[in-house]
Amino acid sequence: MLAGGAAVLVLTGCSGFLVPAGEGEPPSPAVRARDSAPGDRSDDGDGFATGVPDTPGVPDTPGGAATTSAPPQGAPTPSARAADCPESGARVDMGEVQALMFARAVVLTLTNCGTQPYAVRGYPSVQALGEGGERLPVKVNPGGSMFGQDRGPQPRELPPGGTVRSILAWVSTVEGGDLIEADAVEIAAAPDAGARVFPLHEHDVRLMDELNMTAWRVELPE
């Protein structure tokens, strides 16, 4: 023992070296974390990198998982059909009834309401309906009338939002022959394209002998 306030040395390590307590031993994790600045990736000389690495573009989430807030660039954007668009993607609308002497006519408009091109072929699908929705024995003919001549089918691929039109005409006076009274007409772009029913209100409009229609075309016939 040495008197007079001499420093006390503690024997640590091995091979008989005298080393002051704590010197030569790696600092505790708490000390290392306290001494390092956020984002500091420098080596402190003993082989340990201090701080937490900053990883650009990877948000901090529970469990270390990365989240994605938007689809990858170039991914297709989903698009839905309108609520009144049939499965075929072809919707038919009927205009107001026009009168010319003893004949009646309406303009039919086919619209591609889908998201893919629609193949237009031939003529509309038309059927006269009775009061209870039953089909009436009214003949339907592809052809023209005094409202416009039929120039025949014009096959085409109709893009989304594109339209083509047709003229549907019939005789509606007793001078035209034996007439049948219809309460509505059922119309579709094609036989398998999904039909819509359009009521016929006025009495002189509901009387008909036969239905004549022009082919679907971009321009109405003259």
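Quick note: residue numbers are just sequence positions, from 1.
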Nearest heavy-atom approach of Tyr118 to Ala190 is OH-CB, 4.1 Å
Point-to-point distance, once rounded to the nearest 0.5 Å, from OG1 of Thr111 to CG of Leu158:
8.0 Å
All heavy atoms of Gly152 vs all of Tyr123, minimum pair found to be CA-OH, 3.9 Å
Looking at side-chain heavy atoms only, is the closest gap between Met213 and Leu211 below 4.5 Å?
no
Measure the shortest side-chain to side-chain distance between Leu136 and Glu181 over non-hydrogen atoms and say whether it is less than 4.5 angstrom.
no
Please examine the side chains of Pro117 and Pro159, heavy atoms only from C-beta on, and report whether any two atoms are closer than 4.5 Å.
no
When rounded to the nearest 0.5 angstrom, what is the spacing between NZ in Lys139 and CG in Asn141?
5.0 Å
Let's go through Val97 and Phe198 carefully: what are the C-alpha distance in whole Å and the side-chain angles of both, what is the deciding distance for side-chain contact (heavy atoms from CB on, under 4.5 Å) to 0.1 Å, and is it a yes or a no?
CA-CA 11 Å; Val97 178; Phe198 298 91; over 6 Å; no
Atom CG in Leu168, atom CZ in Arg104: separation rounded to 0.5 Å?
13.5 Å
Donor-acceptor pair, side chain of Gln149 and main chain of Gly143, under 3.5 angstrom
no
Hey, are Glu219 and Arg151 close enough for a salt bridge, meaning a charged N less than 4.0 Å from a carboxylate O?
no
I'd like to know whether Glu157 forms a salt bridge (Lys or Arg N to Asp or Glu O under 4.0 Å) with Arg121, so could you lay out the CA-CA distance, the side-chain angles of the two residues, the decisive distance to 0.1 Å, and finally the verdict.
CA-CA 9 Å; Glu157 292 293 319; Arg121 303 286 187 271; 3.6 Å; yes
Does any non-hydrogen side-chain atom of Leu108 lie less than 4.5 Å from one of Arg165?
no
Worked check of side-chain contact (heavy atoms from CB on, under 4.5 Å) between Leu220 and Val107:
CA-CA 9 Å; Leu220 282 175; Val107 173; 4.1 Å; yes
side-chain contact (heavy atoms from CB on, under 4.5 Å) assessment of Val171 paired with Glu210
CA-CA 7 Å; Val171 172; Glu210 61 184 23; over 6 Å; no
Distance (rounded to the nearest 0.5 Å) between Ser88 OG and Asp192 CG
7.5 Å
Verify side-chain contact (heavy atoms from CB on, under 4.5 Å) between Val185 and Val197, making sure each step is shown before the conclusion.
CA-CA 6 Å; Val185 287; Val197 175; over 6 Å; no
Side chain to side chain contact (heavy atoms under 4.5 Å, CB included) partner of Arg196, chosen from Met94, Glu186, Arg91
Arg91
In Å, rounded to the nearest 0.5 Å, how long is the span from CG of Leu200 to CH2 of Trp170?
5.5 Å
Measuring from Thr109:OG1 to Asp93:CG, what's the distance to the nearest 0.5 Å?
6.5 Å
Check: Ser125 side chain, Ala189 main-chain N or O, donor-acceptor pair, under 3.5 Å:
no
